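This report concerns only the one structure given below.
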Amino acid sequence: MNNDKPVEVKKYSALEYLSRHAECISKILESEPFFAIVLTSCGIELMGKSISNCPSWSQDGQSEIDYNKVIVQCPAFKKYKAWKLEGFNLYDGLRCTPVHELSTIPQIVLMNKGDSYKDDTTNVLYVSATDYFDAFNKAVEDLRKDKKRGKKTVPPDSKSYIKVATEGDRSITGTGINDQWIFK
């Protein structure tokens, strides 16, 4: 491999990348449900960033706002929104703790399959990897439908996009609006 040659970079709109992200999660859902939850949470946050008004993908203090924006605004997350409104910290329990600590909080128990539900006797949420992913995948599908209908909920293609280098061990992902990026 010649390292002096620029790496081929493919540019995706946020919606295209979210669709690819959902496809990747669906492939690991059966064999690695915990990691599917981690990746679903990251996808939810990315979706929130793509539809937010912030000019930067990495705005300090914005991650929780972006994640919660999707939970509250996307119809696919209706029951998750209800739980958030009941006081459950879904951002901490389904996004931060799994992503940063590979665990969860005591108020949330993770399951492989089935429907997510709240046990009213213990006030514990039981979140299914398949149910959580299905809600995310539906939210991505809803954005695709919104785009076809010309709705404003869809991230504009002119907003930030995701670049993915496509060459083996030199692959890298970046975000930005700078067409001059070259990865070596």
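Atom set for the values below is all heavy atoms of this structure, side chains included, hydrogens, waters and symmetry mates excluded. These numbers come from a predicted model, not from an experiment.
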Side chain to side chain contact (heavy atoms under 4.5 Å, CB included), that's the test. Do S26 and N137 meet it? Break it down for me.
CA-CA 9 Å; S26 70; N137 196 43; over 6 Å; no
Could you check whether any side-chain N or O of H21 sits under 3.5 Å from a backbone N or O of L39, counting only pairs where one atom can act as donor and the other as acceptor?
yes
Using side chain to side chain contact (heavy atoms under 4.5 Å, CB included), reason through Y126 and L110 one step at a time and then give a plain yes or no.
CA-CA 6 Å; Y126 289 83; L110 303 177; over 6 Å; no
Under 4.5 Å between any side-chain heavy atoms of K84 and F77, yes or no?
no
Look up atom NZ in K81 and atom SG in C74, then write down how far apart they are to the nearest 0.5 Å.
10.5 Å
Would you check if F35 and I25 make a side-chain contact, meaning some heavy-atom pair closer than 4.5 Å?
no
With no hydrogens and no angle check, is any side-chain donor or acceptor of N68 less than 3.5 Å from a backbone partner on E64?
yes
Do other residues, nucleotides or ligands put more than 12 heavy atoms under 6.0 Å from E30 CD?
no
Let me see the working for Y117 and M111 under side chain to side chain contact (heavy atoms under 4.5 Å, CB included), right down to the final yes or no.
CA-CA 10 Å; Y117 67 95; M111 308 182 309; 4.2 Å; yes
Return the CG to OG distance between L143 and S50, rounded to the nearest 0.5 Å.
6.5 Å
Are V140 and I28 co-members of a hydrophobic cluster defined by side-chain heavy atoms under 4.5 Å apart?
yes
According to a 4.5 Å side-chain heavy-atom criterion applied to Ile, Leu, Val, Met, Phe, Trp and Tyr, with indirect links allowed, do I105 and V127 form part of one hydrophobic cluster?
yes
Taking L102 as the starting point, is it possible to reach L90 by hopping between hydrophobic residues whose side chains are less than 4.5 Å apart?
yes
Interatomic distance, CD@E45 vs CG@D66, rounded to 0.5 Å, equals 6.5 Å
Are the side chain of S116 and the backbone of S128 linked by a donor-acceptor contact shorter than 3.5 Å?
yes
Is there a continuous path of hydrophobic side-chain contacts, each under 4.5 Å between heavy atoms, that joins V72 to W83?
no
When you check the gap from the basic side-chain N to the acidic O, do D131 and K79 get nearer than 4.0 Å?
yes
Contact between S63 and K49 at the side-chain level, heavy atoms closer than 4.5 Å - yes or no?
yes
For the atom pair OH (Y91) and OG (S41), what is the distance rounded to the nearest 0.5 Å?
10.0 Å
Which atom of A76 lies closest to which atom of A139, heavy atoms considered
CB-N, 3.7 Å
For a salt bridge (charged side-chain N to carboxylate O under 4.0 Å, His left out) check, start with the C-alpha distance between K27 and E23, then their side-chain angles and the critical distance, and finish with the verdict.
CA-CA 7 Å; K27 292 176 185 175; E23 288 172 22; 5.6 Å; no
Please examine the side chains of T130 and L29, heavy atoms only from C-beta on, and report whether any two atoms are closer than 4.5 Å.
yes
Heavy atoms, side chains only, cut-off 4.5 Å: are L46 and Y17 in contact?
yes
For the pair T97 (side chain) and D92 (backbone), establish whether a donor and an acceptor sit closer than 3.5 Å, ignoring hydrogens and angles.
yes
Nearest 0.5 Å, what's the CD1-OH distance between I44 and Y67?
4.5 Å
Under a 4.5 Å cut-off applied to non-hydrogen side-chain atoms, are E86 and K118 in contact?
yes
Using a strict cut-off of less than 4.0 Å between a Lys/Arg side-chain nitrogen and an Asp/Glu carboxylate oxygen, indicate whether R144 and D142 qualify as a salt bridge.
no
Is there side-chain contact between F34 and N112, with heavy atoms separated by less than 4.5 Å?
no
What closest approach, in Å, do G61 and I65 show between heavy atoms, and which atom pair accounts for it?
O-CD1, 3.8 Å
Taking NZ in K69 as the centre, count heavy atoms belonging to other residues, nucleotides or ligands within less than 6.0 Å. Is the count above 12?
yes
Using side-chain heavy atoms (C-beta onward) and a distance below 4.5 Å, is T104 in contact with V109?
no
Return the set of residues passing ring-ring contact (aromatic ring centres under 6.0 Å, His included) with Y132 (not counting sequence neighbours), or none when no residue passes.
Y80
Check step by step if side chain to side chain contact (heavy atoms under 4.5 Å, CB included) holds for Q107 and L125.
CA-CA 6 Å; Q107 297 82 12; L125 290 183; over 6 Å; no
